[in-house]
Protein chains: 2
Amino acid sequence: MEHRLDRIKEELHAQSYKLTPQREATVRVLLEREEDHLSAEDVYLLVKEKAPEIGLATVYRTLELLSDLKVVDKINFGDGVSRYDLRKEGAKHFHHHLVCTECGSVEEIMDDLLEDVETVVQDQWGFLVQDHRLTFHGICRACQQKNN
Amino acid sequence: MEHRLDRIKEELHAQSYKLTPQREATVRVLLEREEDHLSAEDVYLLVKEKAPEIGLATVYRTLELLSDLKVVDKINFGDGVSRYDLRKEGAKHFHHHLVCTECGSVEEIMDDLLEDVETVVQDQWGFLVQDHRLTFHGICRACQQKNN
DNA sequence: TTATTTGCAAATAGTTTGCAAGACG
DNA sequence: CGTCTTGCAAACTATTTGCAAATAA
């Protein structure tokens, strides 16, 4: 955990960004809530518990910065909010999501299921793939069982 | 073209929605600009050319309605705007997109490349897939050539 | 006729920005 | 120290909503 925090600190320093307490608190929240898909507002409220003086604008600016550094990915599940998802260390690609249309839960798939598909896209469409976004909408295991 | 318009009219009637000139004008714009990925504002401006008295709120309401009827899909490429994309007739799934990070162009892939992946998701994660969203980010053919 | 639908304007919600004060390196 | 960063409030943008008037079926 601390290890990953240090790596992110290094990333910031490498680009000569300052490491402020606000930025550190924000990163800590993201690490602690890695499973979740927090909105800026969510992050703000959680950071506020540790560092009550932080402002919402700073959270937005920090998340934007981390997004530029590719430490987090900014995603959008179609409700009007952007969500921020920590990228796995060394992950080449964004991970996939399973969004349940009944209970709204979001599951993550870390495996890269798209290697073959990317080959097709590169070969048949001549498109040089850098990254991808894949979300499945459907019914999660728990809701399927509930329905029976 | 008229055929598809009629089908959409039927869809509306089947759910006992009224067929107003505003709704028809909106659908016509979507059909004419099927290749594009129009925002609500884009649609509004185009509809206004034919029916100047239409209001932006009506366009939003119509697009929302068409989205509920699964006539259009609401998508989000990460800029702050929702875009509306006509679903192909009888298409089970949303089509895929190739977004160029250099010129911003958006190409569509109609083939369903995800059948195998969906099987994996259903079998290994127990997730009952209803639909998917897949977008690749990368460099389009034209920009690759330009770079050499 | 009569429940829907519209246009307008005002309200919201999420996000961004200007700026003076504060703090990291 | 000087520049980067912050907090606050105001500005902005996309979208939604309330309501009285208009209209499709």
Side-chain angles (χ1 to χ4, degrees), chain A residues 8-27 29 37-69 71-85, chain B residues 5-6 8-27 29 37-69 71-85:
Chain A
I8 295 169
K9 286 184 185 175
E10 283 166 26
E11 288 262 8
L12 281 166
H13 283 141
Q15 311 279 328
S16 62
Y17 287 112
K18 291 180 181 171
L19 184 65
T20 63
Q22 290 92 332
R23 286 179 181 164
E24 176 162 340
T26 304
V27 171
V29 163
H37 300 82
L38 304 173
S39 67
E41 184 85 34
D42 295 336
V43 173
Y44 170 61
L45 292 173
L46 289 165
V47 173
K48 225 169 157 48
E49 290 175 9
K50 313 182 166 189
E53 73 294 349
I54 200 173
L56 179 55
T58 301
V59 172
Y60 271 104
R61 283 184 282 228
T62 302
L63 290 172
E64 161 102 37
L65 174 60
L66 294 175
S67 193
D68 290 346
L69 294 177
V71 169
V72 303
D73 284 303
K74 190 174 177 178
I75 43 175
N76 196 304
F77 290 133
D79 52 345
V81 219
S82 292
R83 297 176 181 281
Y84 299 85
D85 211 354
Chain B
L5 182 63
D6 289 339
I8 294 170
K9 286 184 185 175
E10 283 166 26
E11 288 262 9
L12 281 166
H13 282 141
Q15 311 278 328
S16 63
Y17 288 113
K18 292 182 181 169
L19 184 64
T20 64
Q22 291 90 334
R23 285 178 181 166
E24 176 162 341
T26 304
V27 171
V29 163
H37 301 82
L38 303 173
S39 67
E41 184 86 31
D42 296 336
V43 174
Y44 171 63
L45 293 172
L46 289 165
V47 174
K48 225 169 157 49
E49 291 175 10
K50 313 181 169 192
E53 73 294 350
I54 201 173
L56 178 56
T58 302
V59 172
Y60 271 104
R61 284 184 281 227
T62 302
L63 291 172
E64 163 101 36
L65 175 60
L66 294 174
S67 192
D68 289 347
L69 294 176
V71 169
V72 303
D73 285 302
K74 191 174 177 179
I75 44 175
N76 197 303
F77 290 135
D79 51 348
V81 219
S82 291
R83 296 176 181 280
Y84 299 85
D85 212 353

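Chain letters run A, B, ... following the sequence lines, proteins first and then strands; every chain starts at 1. We use all heavy atoms of the structure for the numbers below, so side chains are in, but hydrogens, waters and symmetry mates are not.
The residue from B:T20, B:I54, B:T26 that alone fulfils the side-chain contact (heavy atoms from CB on, under 4.5 Å) condition with B:T62 is B:T26.
Looking at residues two or more places apart in sequence or on another chain, you find no side chain to side chain donor-acceptor pair (under 3.5 Å) involving B:K18.
Across B:D42 and B:H37, no two heavy atoms sit closer than the pair OD2-O, 4.4 Å. Across every non-hydrogen atom of A:S67 and A:K74, the tightest pair is OG-CB, 4.1 Å.
Taking 4.5 Å as the limit, every side-chain heavy atom of B:I8 sits out of range of all side-chain heavy atoms of B:L69. Here the side chains of A:K48 and A:Y44 are in contact, with some heavy-atom distance below 4.5 Å. With contacts defined as side-chain heavy-atom distances shorter than 4.5 Å, the pair B:K9/B:R23 does not qualify.
What separates CD1 of B:I75 from C1' of D:dA14 is a distance of 16 Å, to the nearest Å. Between the CG atom of B:D79 and the P atom of D:dC12 there is a distance of 20 Å, rounded to whole Å. For the pair A:L12 CG and C:dG25 P, the computed distance is 10 Å after rounding to whole Å. For A:L66 and D:dT5, the CG to C1' distance is 14 Å, given to the nearest whole Å. Here D:dT15 presents its P atom at 13 Å from CG of B:L38, a figure rounded to the nearest Å. We find that CD1 of A:I54 is positioned 14 Å from P of D:dT5, with the value rounded to whole Å. In this entry the distance linking CD of B:E64 with P of C:dT5 reads 13 Å, nearest Å. Counting to the nearest Å, the C1' atom of D:dA14 and the CG atom of B:L63 are 13 Å from each other.
For DNA chain C, the residues of residues 14-27 of chain A within the heavy-atom distance limit of 4.0 Å (strictly under) are A:K18, A:L19, A:P21, sorted by number.
Residue A:E53 is in sugar-phosphate contact alone, with no base atom involved, counting any heavy-atom pair closer than 4.0 Å across all strands shown.
Of the two residues near DNA chain D, B:H13 and B:L56, the one whose nearest nucleotide lies more 5' is B:L56.
The side chain of A:Y60 places an N or O atom within less than 4.0 Å of a non-bridging phosphate oxygen (OP1 or OP2) of C:dT15.
Between D:dT6, D:dT15, C:dG7, one nucleotide has an atom nearer to the side chain of A:T58 than all others, and that is D:dT6.
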